[in-house]
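Step one of this worksheet: look at the structure below.
For the numbers below, each heavy atom of this structure counts, side chains included, while hydrogens, waters and symmetry mates do not. Protein chains get the first letters and strands the later ones, always in sequence-line order, with residue 1 at the start of each.
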Amino acid sequence: MSPNGEELLARIDELESTNRLRELVADYCHGLDKRDEERFMRVWHKDAVWEMGSELGDFWGSAQIQQALVNLVWLDYPVTTHLAANHVVEFQDADRATGLCDLSCEATLACGDHLQTLATCTDIYERRNGRWAIVRRSVDVHHSTVVPPRLRATGEYE
Amino acid sequence: MSPNGEELLARIDELESTNRLRELVADYCHGLDKRDEERFMRVWHKDAVWEMGSELGDFWGSAQIQQALVNLVWLDYPVTTHLAANHVVEFQDADRATGLCDLSCEATLACGDHLQTLATCTDIYERRNGRWAIVRRSVDVHHSTVVPPRLRATGEYE
Amino acid sequence: MSPNGEELLARIDELESTNRLRELVADYCHGLDKRDEERFMRVWHKDAVWEMGSELGDFWGSAQIQQALVNLVWLDYPVTTHLAANHVVEFQDADRATGLCDLSCEATLACGDHLQTLATCTDIYERRNGRWAIVRRSVDVHHSTVVPPRLRATGEYE
């Protein structure tokens with residue numbers, strides 16, 4: 001293959017990688033909200049770190065992340081909807097990238113209150129054996145609003 | 001063209017298709033919210049199905065979808081803003097794909113109340129004669145919040 | 001290079017340009033919300049126009065846009081979170097494109113009130129010397145909701 005062909009391949013590869021990274025950011029939300037543990041765990045590498053700050057804590061490695069998902073997040077927030085937006089990606093090389101995105105989260109708390117949260121995620125991604133996944137995600141919650149239950153019409157996933 | 005060239009073309013085609021499918025998901029929102037009937041109808045194939053569940057009903061084919069848009073959605077919700085997020089796409093082959101995305105909708109009801117809704121769309125897309133469009137969209141509404149009018153500052157599109 | 005090769009390059013270039021334009025739309029939000037003036041100013045060409053309608057005004061050129069950011073937006077809205085969605089792009093040629101997207105904005109006003117705003121952006125983009133940036137952005141605010149402070153749990157960026 002000519003050098004030119006190799007350069008073309010590298011550009012197509014980066015476009016495909018960008019799409020995979022967008023899907024990771026989306027699947028974090030889908031897995032978490034649809035209670036799909038397998039989909040959620042697939043977005044992380046085995047040695048990944050999930051940093052959720054002073055209130056919720058930091059979780060190191062698949063086992064801790066899975067425990068935090070099931071015994072912390074899903075227990076305290078029985079119904080959640082996360083919307084990811086403003087995703088930007090910067091490649092360090094063909095297999096490593098950093099990312100930034102914002103999350104809006106609507107959650108029903110175990111106590112019945114409704115919570116609106118806005119957060120920013122600072123991410124590190126790596127491709128290992130052809131698979132892109134998150135190596136580190138730091139979630140910085142910067143706004144929360146509680147909506148009293150009486151304002152709500154309906155709830156719960158069907 | 002060499003086999004390698006054909007593979008490259010297939011990869012570029014899938015990248016372009018992914019962008020077209022993202023635009024479909026966006027144009028569903030733009031068409032619906034900006035009262036642009038042509039833009040909204042363009043996202044559907046003629047034999048498409050729009051499933052909106054037990055409350056709003058299911059609509060089969062362009063004629064029913066257009067009627068539901070004008071006589072149901074636009075009548076009951078005079079002002080709407082839909083935001084699509086978390087779009088993921090899976091290709092079955094070069095011309096068929098499935099998708100998943102979440103929708104946030106802020107609506108002003110005919111009665112004046114303000115409604116915040118969260119929903120998940122499960123989609124089937126097909127490319128026919130070079131044109132990607134939705135074959136089936138199932139909208140699963142899983143959360144609604146009513147905000148009393150007295151909390152609102154302003155409204156209405158300009 | 002064969003004509004076919006040139007056509008391939010043009011298609012890859014458009015895919016890359018679409019990603020750059022998505023990043024512009026995201027960086028407008030990140031720059032504005034994270035108080036990152038450099039990131040915000042990078043999304044505009046020097047002669048760009050930022051139209052924010054009758055209430056906030058129109059701003060012509062980098063100097064006015066920078067002043068509006070610092071002395072108007074950041075002063076009146078001490079805390080903001082913008083989420084961009086539904087971005088669609090149409091290319092006029094390889095270096096010029098128009099775009100449409102919706103913005104959701106949660107803001108804390110200087111007076112302490114909390115404001116939820118929905119807006120639509122109509123954009124013109126150009127690539128000059130290899131750099132894509134906004135030439136004109138018209139922001140049409142079509143919905144605002146004020147949430148009284150007593151409903152809010154916490155606030156402020158950490």
Between the CE atom in Met52(A) and the OG atom in Ser138(A), the distance rounded to the nearest 0.5 Å is 11.0 Å
For this session: Name the region of Ala85(C), side chain, backbone, both or neither, that has any atom closer than 4.5 Å to a heavy atom of chain A.
Result: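 When you check distances to chain A, no heavy atom of Ala85(C) falls under 4.5 Å.
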Applying a strict 4.5 Å limit to non-hydrogen atoms, the region of His82(C) in contact with chain A is backbone
**Prompt:** Checking Arg39(C) side chain against Leu32(C) main chain: does a donor-acceptor pair fall under 3.5 Å?
**Reply:**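 Not a single qualifying donor-acceptor pair exists.
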Legend entry - Lys/Arg N to Asp/Glu carboxylate O, Glu51(C) vs Arg136(C), below 4.0 Å: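 Salt bridge present between Glu51(C) and Arg136(C).
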Residues at least two apart in sequence or cross-chain that pass side chain to side chain donor-acceptor pair (under 3.5 Å) with Trp44(A), listed by chain then number, are none
Residues of residues 91-100 of chain A with a heavy atom under 4.5 Å from any heavy atom of chain C, in residue-number order, are Leu100(A)
Taking the six-membered ring for Trp, are Phe40(C) and Trp50(C) parallel (under 30°), tilted (30 to 60°) or perpendicular (over 60°)?
->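 Taking Trp50(C) first and then Phe40(C), their aromatic rings sit tilted (interplane angle of 30° to 60°).
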**Study point:** Closest approach of Ser62(A) to Met41(A) (non-hydrogen atoms, all atoms of both residues)
**Key:**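 Shortest heavy-atom contact: O-CE, 3.4 Å.
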From the list Thr80(A), Val43(A), Leu103(A), Thr81(A), side-chain contact (heavy atoms from CB on, under 4.5 Å) with Cys29(A) holds only for Leu103(A)
Per-residue tally against chain C (heavy atom, under 4.5 Å) across Ile12(A), Thr117(A), Asp102(A) peaks at Asp102(A)
